[in-house]
There are 2 protein chains.
Amino acid sequence: MGMKQAMAIQIPCRECPLRQLPLFITHSAEELELLQALKQRELRLAAGETLILEGQTDTPLFTLLSGWAFRFKTLSDGRRQILNFLLAGDFIGVQQKMGDAAAHGVTTLTDSLFCVFQRDALWELHRRSPVMGFNTTWLIAHEESLVDDSLLSVGRRSAEERIASLLILLFKRAAALQLDGGAAGVPFPLTQQHMADALGLSLVHTNKTLRKLEKRGLHELKDGRLYLRDARALTRLADVWGDGKPTPRPLV
Amino acid sequence: MGMKQAMAIQIPCRECPLRQLPLFITHSAEELELLQALKQRELRLAAGETLILEGQTDTPLFTLLSGWAFRFKTLSDGRRQILNFLLAGDFIGVQQKMGDAAAHGVTTLTDSLFCVFQRDALWELHRRSPVMGFNTTWLIAHEESLVDDSLLSVGRRSAEERIASLLILLFKRAAALQLDGGAAGVPFPLTQQHMADALGLSLVHTNKTLRKLEKRGLHELKDGRLYLRDARALTRLADVWGDGKPTPRPLV
DNA sequence: CGTTGCCTTGATCATTATCAATCATAGTGG
DNA sequence: CCACTATGATTGATAATGATCAAGGCAACG
C-alpha cells in the first residue's frame, strides 16, 4: 500500500505552508521558534491510509500541511459517518483528552503531509505563548463549528440540498487555498461513497442526486476537479447564510 | 412571557455551582479572583426564552449555571436542527469569533441562570492564567465533540437507535449532576418536538418510536422525568462505545 | 368552559434505501 | 495484446423508512 518514508529533512516552521493562515500571521520570530521546538516530526501518508484508528489511545496531535483527509465514526455493523473533511491548515486530535481513546478515526483522501506534535505540546503552547494558545482555541472552536453545519444538513436538508451545500462548502474551502480562488475549479478527491458517508445518504441516492444537479447545470465534476457552474443556484438551493442574501432572517 | 429581573446580589465565584467541575477543581484562590473579575453579571431567563438569536453579532460569552438550554440552527423555511443540549457547566458562544454573527441560536428549556462574560474575557483568561486557558480549550473541544455523536446518530442511525442514544446520553449527563447519580431518574424538560429537532425526525415519527421503546420497557418518561428501565438494552440498541462492551471493534 | 400546548394514533404519501445489473477505466500478469 | 481483477459511476426495479395529513385526547390555565 505504498507506505513511504518520512522525509529525512524537515520543513522548518518558518517555511511552513501554514504560516500565512490566521493562526500564524502575527507571530514573531521567537514564536516560530517555539512552534519549531514543539514539532516532533513530519509524517507522509499515501491516499487512503489511516492516521488515527477509532479507539486508539494516546495519539499525538497533528496539523495537516498538505493533502486532504477526513474524520469519521463508525457503528459496529460498519455504517460510517464522515464528520468533516480536513484540508491544509487543519488541526487533528484536539477533541480527545489525554489518555482518552480517540472518538473518531482519521483517513487520508490524497497523499498527505502531516506535522506531528507531542500530546503535551498544546499545554506548552499555552504556557509559553498565551497569544498563540488563545488563537489556537478560537481556531479549534471554529473548525468544530463546521460540524454544526453538517448536522444541520444531515438532520434537516433534503438530499439535493445536502449535496449542494457540501459542494459549496468544499469549493470555498479548497478555493481559499489556491491563488486563483477556484477560477479553474478546485481539486475534488472524494468518491461518491465519501459524499454519501458525509451526508447520511446511500451511495446510489447520492449518485442520482449528483447527476440530477449536474444535468441542471449547477456544477460539474470531472477528472477529480469540481467546477461550480451556477454558484448562485447552488447557494439558493443549499440555503446558505450570508452569501447571496444579506441575512434577511426575521429574527423573531 | 415572565421576564424576570437579574438578581441584585450575585453569587460569588467561590460559591459557583460550577466549582466542582473539572475546569474549576484545581484552582487557587487567586484564580477564583480572576474569574470573579471577568464575570460581568448574572442573567436569569424563564423557560422557552431566547438567549442568543441566530445572526446576532457581538454576543457576550456565557456559562450555564443552572437549568437546561439548547443550541440550534434553522433554515429559512423554518426547519430547525438542534445542535446540542446545554446543561449546568456548559460554555456558550465560543464558536463564533469576535465580530462575527452568531451561527446558531440558544434557547432555554427551563428557567435558567447564566453567568455573563465580556467577549474579551476569554483572552484575559488566557493571558492571566495559562492553566485556566488551557483547561478551557479542552473543555470547549470536548463539548463540541458531543456534536460529533449527534452527527453519527442523525446520519447513520435508525429512528429507534437515535432515540435510544439520545436518551442514554442525556440521562448520563443529567445524572452526573445529581448526587444520587440518576437512581430516581433525571429531570427531562424536552418536548417530543425538541427530540425530533435534535434527531432529524418528524414529530409524529418521534412520538411513535418513543412509544414503541417505552412499551418494550426500555425507558419511561413521566411527569418530566426520565427513567432508564433497561439501560443495557438501550445501550445495545444505540451501539454506544465503551459501555457494556470493552471496545470489541476490529480496528482493522 | 374555551383555549392552548403537548401527546397519541391511523391512513396515506414521499423520499431514500436496497438490490441487481451494466459500464468505464486502470492495473496486472501471461 | 489479451484475459482477469478491482474500483468507481450509473441506472432501473422494488422495498423500507420516515414524513405528512388528519383527528382526537388530556391536562393546565385564565
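So that the names make sense, note that chain A is the first sequence line, chain B the second, and so on, each numbered from 1. On a predicted model such as this, the values are computed, not experimentally measured, just so you know.
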Quiz item: Quick one: A:R79 CZ to C:dA17 P, roughly how many Å, whole number?
Solution: 12 Å
Practice problem: Take atom CD of A:E161 and atom P of C:dA14, then tell me their distance rounded to the nearest Å. | Solution: 17 Å
Self-check item: Interatomic distance, B:H194 NE2 vs C:dC6 P [rounded to whole Å]
Solution: 8 Å
Exercise. Considering just the side-chain nitrogens and oxygens of B:Q192, establish if one lies under 4.0 Å of OP1 or OP2 belonging to C:dG5.
Key: no
Quiz prompt | Residues B:L43, B:F62; criterion side chain to side chain contact (heavy atoms under 4.5 Å, CB included); working and verdict | solution = CA-CA 9 Å; B:L43 177 64; B:F62 303 93; 4.3 Å; yes
Quiz item: If an axis is fit to five pairs at each end of the helix from C:dC1-D:dG30 to C:dG30-D:dC1, what is the angle between the two, to the nearest 10°?
Solution: 30°
Quiz item: Could you state the NZ-C1' distance from B:K222 to C:dC6, rounded to the nearest angstrom?
Solution: 17 Å
Quiz prompt | Interatomic distance, A:Q193 CD vs D:dA9 P [rounded to whole Å] | solution = 9 Å
Self-check item: Separation of D:dG8 C1' from A:L109 CG (nearest whole Å)
Solution: 14 Å
Quiz prompt | Test log, rule side-chain hydrogen bond (donor to acceptor under 3.5 Å, both in side chains), inputs B:Q81 and B:T74 | solution = CA-CA 6 Å; B:Q81 177 66 38; B:T74 54; over 6 Å; no
Quiz prompt | B:A102 to B:I52 - nearest heavy-atom pair and separation | solution = CB-CG2, 3.8 Å
Practice problem: Any chance you could list the contact pattern along nucleotides 11-30 of chain D? Use B for base contacts, S for sugar-phosphate-only contacts and - for none, protein heavy atoms under 4.0 Å, 5' to 3'. | Solution: BBB----BSBB---------
Self-check item: Distance, rounded to the nearest Å, where B:K212 contributes NZ and C:dT9 contributes P
Solution: 12 Å
Self-check item: Chi angles and distances behind the side chain to side chain contact (heavy atoms under 4.5 Å, CB included) call for A:F70, A:L109
Solution: CA-CA 7 Å; A:F70 61 91; A:L109 285 169; 3.7 Å; yes
